[in-house]
Structure formats: structure tokens, C-alpha cells
Amino acid sequence: MSRAVLEVRDLRVSYAHPLGVVRAVDGVSFSLAPNERFGLAGESGSGKSTMALAILRMIHPPGHIDGGRVFLDGVELSALDREAMRRLRLAGIALVPQGSMNSLNPVMRIGQQIADALADHGEALSRPVLDARIADLLPTVGLRPDVASMYPHELSGGMKQRACIAIAICLRPRVIIADEPTSALDVVVQRQVMATLARVQRDLGAAVILVGHDMGLMAQFVDRLGIMYAGRLVEVAPIGAIVTAPRHPYTRALVASLPSLEHRGRLQGIPGLAPLLRDLPRGCAFHPRCPIAGERCRQETPALRSLGTDGTVACHAAEATP
Amino acid sequence: MTELLRAEHAGRTYGKLTALRDVSVAIDQERPSILAVVGESGSGKTTLARMLLGLVAPTTGRVLYHGDDLHRLGSEARMAFRRDVQAIFQDPYEVYNPFYRVDHVLTTPVRKFRLARTKAEARGLIETALRAVGLRPEEILGRFPHQLSGGQRQRIMVARAVLLRPKLIVADEPVSMVDASLRATILETLRTLHEDLGISIVYITHDLATAYQISDAILVMYRAAVVEAGAIAPIVERPAHPYTKLLIASIPRVSTERSWMSEATTTLSGLAATGGCSFIDRCPVAMAGCADAVPPLYRTDADRAVACYRHQASPELVAADLGDVLAGCHRPAKRV
Ligand SMILES: Nc1ncnc2c1ncn2[C@@H]1O[C@H](COP(=O)(O)OP(=O)(O)OP(=O)(O)O)[C@@H](O)[C@H]1O
Ligand SMILES: Nc1ncnc2c1ncn2[C@@H]1O[C@H](COP(=O)(O)OP(=O)(O)OP(=O)(O)O)[C@@H](O)[C@H]1O
Ligand SMILES: [Mg+2]
Ligand SMILES: [Mg+2]
């Protein structure tokens, strides 16, 4: 693997809660190769969005980044001051936040929102240059240039989502983090938006982190997938391996719960409740729901380890071969 | 009269924009069913849902509750309606008041509909409902909305609907933000409620696979209109309308075969077709005549109707009968 464009080392984030500390991200490490598409899936509430925000140091109280280091092209972000970090957002790493299409400013034209993002990064451009730049940008996400003069309510969901991607890429970032960018869209539009994102990513030579729950989308879009459970990465592997031979018992159960389009039957979720993040069970957080948990799993938290394949898994019981 | 709710030629415009055009559906109280509503983003699914909930008034047609116009109910019938028909909204961000703890959305209905006699009983009801959707009460109660993940907020809305044991739940993308396992758990919970208590469900979703699993009937919408409707299995397995075909073919499959993105249609839609079929600008099988008038629904089978001239050999459906096509798709409930 060539040098990582983004490297996350032992990231930890917690939220203060009246009854105790919620460890939303609990020691997560991974890295992205240039041009790579990396997916993050896993349990609801397992800390995916928190991690996306933490990479950009956008965690606000009662949240707190407790530790960890993030490197972009070898530069440590945790060492940057506020102003440098602000400039890096969008220009270095761009986030399309969860629900972002609902957070476009309703009383501002799309073009102006893009202009603001550019201005915010000190791109002092004359009006004609700015307009030309916006007119060039919109078609790259499949929007007509005249969308610049429209308000969000005049756009469909898919168009709004593409406008958000346009804002995210206007400074040609190295890394694009998209948090559930298409979960509110129909599959026809979903396919267009993801194809757009893939094309933009190739053109920019950027890496992408796609956060989401749709395993079909992951299977079709990402190169590698990380699975999160209770604030930790429990498996990271090439997408083909996750789909055909998941190793972690949680990943296996998750894949098994996917509904079929071929035959109808009962839907079966993983029995039991997600663990309480501020009071995690001892050992592996998944052990109370795990069909193969043994004594060691109740005592010792498993670390991510290689199984002699491309993937890593945090499970004492996972075998080297499926 | 066993009919709980009926939309009759219901339509809605906003200024020049038609959000919903002439939709008829019926929810039968004696024969509860799960109806999936799928289709294009912006095709009017939420508008239909809000209309069934009495939150949006139709600009054409009517919505009837036990045969009476929803917007002319007396106060007693109105109260009964508000208990009988519950909503799970698409965007959980909108429902919560950011200044109240999330408990508020659960305690309010308990109080309003006097579901419990004591505080302890109320607490018990709420905790049971939260567990039913995979949440730990001790983790959730006492928090403010922004302190929960998207999926957690969404599940509280499901718990709230469950709490009230209504006759109909209109669920607008109730699980769009939760993981696959929880989706399965929550939807099975809804299906169990449907089977055990005879609760009907209108399930609006972009997730065709879960719709296929839990629903009896389906309504496929495209640009404000129903393009195909009927029993769900035959429609998902053998779609008839060109839009339904495109929709089913666009589902990203969990497979190592990756052709999904390369097959993306790049045509930019947006030009509303004038007068004729609204799918004409994207339709691979359009014929002369498709541009002339909006195709009516044709009843191609006992349990299917399709709005496409390719099926004009079949008898035309009187729009109000769509309710009957759908009602014919129900599976008998175990116990009512
Ligand atoms: N502002 C906050 N204050 C307290 N707890 C929070 C806050 N934001 C998030 N949390 C908690 O942190 C955990 C992780 O939340 P996060 O939003 O990162 O999860 P997620 O994996 O993105 O979930 P989803 O898939 O549902 O979007 C959750 O248990 C959530 O309740
Ligand atoms: N209050 C309103 N004022 C103006 N236009 C509206 C209003 N509500 C909905 N619309 C418009 O009506 C159309 C149908 O919207 P609706 O929300 O019903 O679509 P939907 O099928 O639920 O879409 P999605 O899948 O994106 O949720 C859209 O063009 C929308 O912009
Ligand atoms: Mg999230
Ligand atoms: Mg909607």
C-alpha cells in the first residue's frame, strides 16, 4: 500500500452524561490509501458520525476528544491551531454531514452558499470569476449551472444532496467524508448520486469515507469496509470478503439480517440489545449477544488482529479460515 | 361500516406544483394490512401520509374516517381519530422540541389518552415500548434530542406509535437511519403488532427489500401519481410499469458483482411532461400516444393495476377501486 493520505490512530471521543461517561469512539485506528473508497458501517449509535466529526475536530461539549492522532498527508492535525484547522476543513478534508441536505440555508441561493464556502477559505474572487467557478462546479455533480440561482426548496432531494456534495468538493479536498449521503433518496437517484461521487472522487484523486447502513450500497461502492460496534472497529476487510466471508460474529450476524429480494420470510435482527456505552460489559462488548463467546471473551477485550488475509478482526474466537 | 380510513381521488397542489394527483386508498379495520408506499424522491409519498393523518388537507377529493370527512369531524370523533391513527415521521429532527427531554414525546400521549393510572404504570408502559424497539430506557430517558444518534431518535418515534396501540400506523421512513439488524427487529415488531393486534400499517420507504418482506400490498409512485399498485410479491418479482422496472433494477445488491454504478442513468430529469405520461422522458418503451394524455390505471390482474398504455388491453380501473385492488391483497391476521 502506498503512503496513507489519512491516518487515524487510537482516536477516543466521549460525551459527558449525567450518569457517566459515554465512550462513543473508543480507540479507533485505520488509514486510507490515496484514491481509496473506505466504508464505515455497523451498529446504530456505535460512534460513526462522532468519529467523522472528530477527524475534523468538530466535537462540541458535552463531547470531548480524549486522545488520538489524525494525520493528513503526514501532517498531524491534532497539532494544528484553530485557524489552521478551520482552513483545512473543505480544503483538506470535506464532510458531507448526516442530514446535510436538510441543513442547507433555506433563504439563500445555492450559488451563494457555494460562494460563502469559498470566501470562508479566503478565496477572494471577483464576481465574474466566482460565477464562472460555480458554473463549472455544478455540472460536475450533475446539476445544471442555473441551479446556482435557485433556493433549496426549489430542488428535489437528490438535487439538494448533489448541491451538498458540490459545496463539499468546491476546494478540491484530499478526503471526502460522506455521512449517509443517500439514505433519504430513492434508489434510482441514489445510484446517480453515488456515481457522481465516484466520478468526482476519481477526478480529484481524493479518498472517500462513506458512512452508512446500506450494505448493498457499500458492496457496490467501497473498496474496503470497517465495521463498528460500541465505539470500536471490530472488523476491517476488503468489501468482497465482508460480503462473502465475514469473520467477526457481529459482522456475520449483521450480514445475516439483510433482507432478501428473492424469497419472503421473517426478518431476523440480532437478538439482545446494544450495550450501554457508558457501562460496557467487561471483555468483548459483543459477548452478551455472541453465539460463540467463551470465557476469554468475558474477560479480555480483543484487539484488531490479522487473520493472514487482507482483513483484520477483533475477535478471540475468529478462525484464520472461515 | 368496517372501513377505517379512505382517501378518495385525493390530490394536493401547492401553487402551481402538483404534489399528489388523484390517489385512492382504503384501510379496512376488519382486514388489517401492511401497505408499502415506494417511489421517486419527491413523488408525493409524504404528502399522501400527511393527508391520511389529517395534517394536510386535500385540494381535490377527500379523506374519510369511518365514512366522514376527516376535516369535518366533531370533537369526539376527532379525538378517536387521533388515537386510532398514529404517525411515525420521516424526519425525526422535526418532531422533537430541542428544549424538552425526549421523555416528553412519550409522556405526553400517555397523559393525553390516559393510558396509565399511576406514574409507575406510565413508566412501565414507556419502558416496555422502548425495549420493543431495541432501546435501553436508562440510556434514553432524561436526554435531549441532540444527544442521541439519528437512529435512536427514529426508534423513539416508533416506540411512541407502539405505545398507543392504534388501529393504523402511518410510518414515513421509520427505519431509514438504523442498521440492518435493527431494521429487521423494528419491522418485525411492527409486523407482530399487525398480526397480534390487527394494526394496519402504511410503510413508506426507499428500502424495497424490507418492504417486500413485511408488506402485503404496494403502491409505486412517480411524479405525484400512482404508476403501479397491487399485491407486493408479483410486483417486485415481475414489475410491469417501466418506472417500477427501473426502480427494482436500481437496487444496490449485496454482491461481489459490481455493475450498479456503471449502469446509472445520467439523463437529468426535471422537465415535467406536459399533458401525457409523466415517465415519457425516460421511458424506453414509449409509443405514439403516450404524450397525449395521462394514462389511467389498467387492471392487469385481480391484484394489480398499472398506469401504462402498454397495458391498455386490460380494463380501465375506476380510480376509487384502487382501494379494492389493495384490500384484496391482505393476509388474514392471526388474531384480531
Ligand atoms: N451530543 C451528544 N451528547 C451525548 N451523547 C451523544 C451526543 N451525540 C452522540 N451521542 C451518543 O454517542 C453515541 C454515538 O453516536 P453517533 O451519532 O456517533 O452514532 P452513529 O454510529 O453515527 O449512529 P447512527 O448510525 O444512528 O447515525 C450514541 O450512543 C449517542 O447517543
Ligand atoms: N408544504 C409544501 N409546500 C410546497 N411544496 C411542497 C410542500 N410539501 C411538499 N411539497 C412538494 O411536493 C412534492 C412532493 O413532496 P413529498 O414530500 O410528498 O415527496 P416524497 O415522495 O415524500 O419525497 P421523499 O422521498 O424525498 O421523502 C415535492 O415536490 C415537494 O417539494
Ligand atoms: Mg450517524
Ligand atoms: Mg417523504
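Residue numbering restarts at 1 for every chain, and letters A, B, ... go by the order of the sequence lines. Side chains included, hydrogens not; waters and symmetry mates left out as well; all remaining heavy atoms used.
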Is there a side-chain contact between E237(B) and E262(A), using heavy atoms and a 4.5 Å cut-off?
no
Between S41(B) and A184(A), which heavy-atom pair has the shortest distance, and what is it?
OG-O, 4.0 Å
Answer yes when R136(B) and D279(A) have at least one side-chain N-carboxylate O distance shorter than 4.0 Å, and no when they do not.
no
Chain A contact via V178(B) - side chain, backbone, both or neither, heavy atoms under 4.5 Å
both
For the student: nearest non-hydrogen atoms of R258(B) and V222(A), plus distance:
NH1-O, 2.6 Å
More than 12 heavy atoms from other groups under 6.0 Å of OH on Y14(B):
yes
Of the backbone (N, CA, C, O) and the side chain (C-beta and beyond), which part of E180(A) lies under 4.5 Å from a heavy atom of chain B, both, or neither?
side chain
Considering non-hydrogen atoms only, spot the tightest contact between T185(B) and G269(A) and give its length.
OG1-CA, 3.5 Å
Using the rule given for side-chain contact (heavy atoms from CB on, under 4.5 Å), can you reason through W260(B) versus R191(A), listing the C-alpha separation, both sets of side-chain angles and the distance that settles it, and then say yes or no?
CA-CA 7 Å; W260(B) 187 66; R191(A) 180 154 80 167; 3.5 Å; yes
Quick check: does any side chain N or O of R253(B) sit under 3.5 Å from a backbone N or O of G216(A), one acting as donor and the other as acceptor?
no
Could you measure the distance from the OG atom of S156(A) to the CD atom of E40(B)? Nearest 0.5 Å is fine.
7.5 Å
Looking at G42(B), G39(B), A184(B), which one has more heavy-atom pairs under 4.5 Å with chain A than the rest?
A184(B)
Shortest non-hydrogen pair, G240(A) vs T256(B), comes out as CA-CG2, 4.0 Å
Which bit of V255(A) is near chain B, if near means a heavy-atom gap under 4.5 Å: side chain, backbone, both or neither?
neither
Region of I232(B) in contact with chain A, defined by heavy-atom distances below 4.5 Å
side chain
Trace of the salt bridge (charged side-chain N to carboxylate O under 4.0 Å, His left out) decision for K48(A) with D179(B)
CA-CA 12 Å; K48(A) 302 180 297 296; D179(B) 65 64; over 6 Å; no
In the structure I gave you, are the side-chain heavy atoms of P252(B) and D214(A) within less than 4.5 Å of one another anywhere?
yes
Would you find a donor on one side and an acceptor on the other, under 3.5 Å apart, between the side chain of S250(B) and the backbone of V187(A)?
no
Rounded at 0.5 Å granularity, tell me how far CG in L267(A) sits from CG in L190(B).
10.5 Å
Given that the side chain runs from C-beta out, which part of S260(A) has a heavy atom under 4.5 Å from chain B: side chain, backbone, both or neither?
both
Could you walk me through whether H17(A) and R143(B) pass the side-chain contact (heavy atoms from CB on, under 4.5 Å) check?
CA-CA 9 Å; H17(A) 182 276; R143(B) 295 240 220 157; 3.2 Å; yes
Close side-chain approach of V189(A) and H206(B), heavy atoms under 4.5 Å:
no
Is R264(A) reaching over with its side chain to a backbone N or O of Y212(B), donor-acceptor style, under 3.5 angstrom?
yes
Contacting moiety of I239(A), where chain B heavy atoms sit under 4.5 Å:
side chain
Tell me, with the steps shown, if H213(A) and L182(B) meet side-chain contact (heavy atoms from CB on, under 4.5 Å).
CA-CA 10 Å; H213(A) 290 302; L182(B) 263 171; over 6 Å; no
Which one wins on heavy-atom pair count under 4.5 Å against chain B: V243(A), T196(A), T50(A), I242(A)?
V243(A)
Just so I know, are the side chains of Q268(A) and E188(B) near enough to count as touching, which here means a heavy-atom distance under 4.5 Å?
no
Can you tell if the side chain of Q213(B) reaches within under 4.5 Å of the side chain of R266(A), non-hydrogen atoms only?
no
I'd like to check H146(B) versus H60(A) (side-chain heavy atoms, cut-off strictly below 4.5 Å). Are they in contact?
no
Whether R183(B) and E43(A) form a salt bridge (side-chain N of Lys/Arg under 4.0 Å from carboxylate O of Asp/Glu) is what I want to check.
no
Heavy-atom proximity to chain A below 4.5 Å, by part of S259(B)
backbone
Looking only at heavy atoms and a cut-off of under 4.5 Å, which of G272(A), G265(A), G157(A), G158(A) has the most pairs with chain B?
G265(A)
For Q147(B), is it the side chain, the backbone, both or neither that has a heavy atom under 4.5 Å from a heavy atom of chain A?
side chain
Go through L135(B), I251(B), L17(B), D207(B) and name the one with the most non-hydrogen pairs under 4.5 angstrom from chain A.
I251(B)
Heavy atoms only, distances under 4.5 angstrom: which of G47(A), P275(A), A198(A), G20(A) has the most pairs with chain B? Name it, please.
P275(A)
Gap separating the OG1 atom of T210(B) from the CG atom of L258(A), nearest 0.5 angstrom:
11.0 Å
Using a cut-off of 6.0 Å, state whether more than 12 heavy atoms not belonging to R23(A) lie near its atom CZ.
no
Worked check of side-chain contact (heavy atoms from CB on, under 4.5 Å) between M261(B) and R199(A):
CA-CA 10 Å; M261(B) 279 192 293; R199(A) 190 166 39 70; over 6 Å; no
Interchain contact, P62(A) with chain B, by part (heavy-atom threshold 4.5 Å):
side chain
Nearest 0.5 Å, please: how far is OG in S44(A) from CD in Q152(B)?
8.0 Å
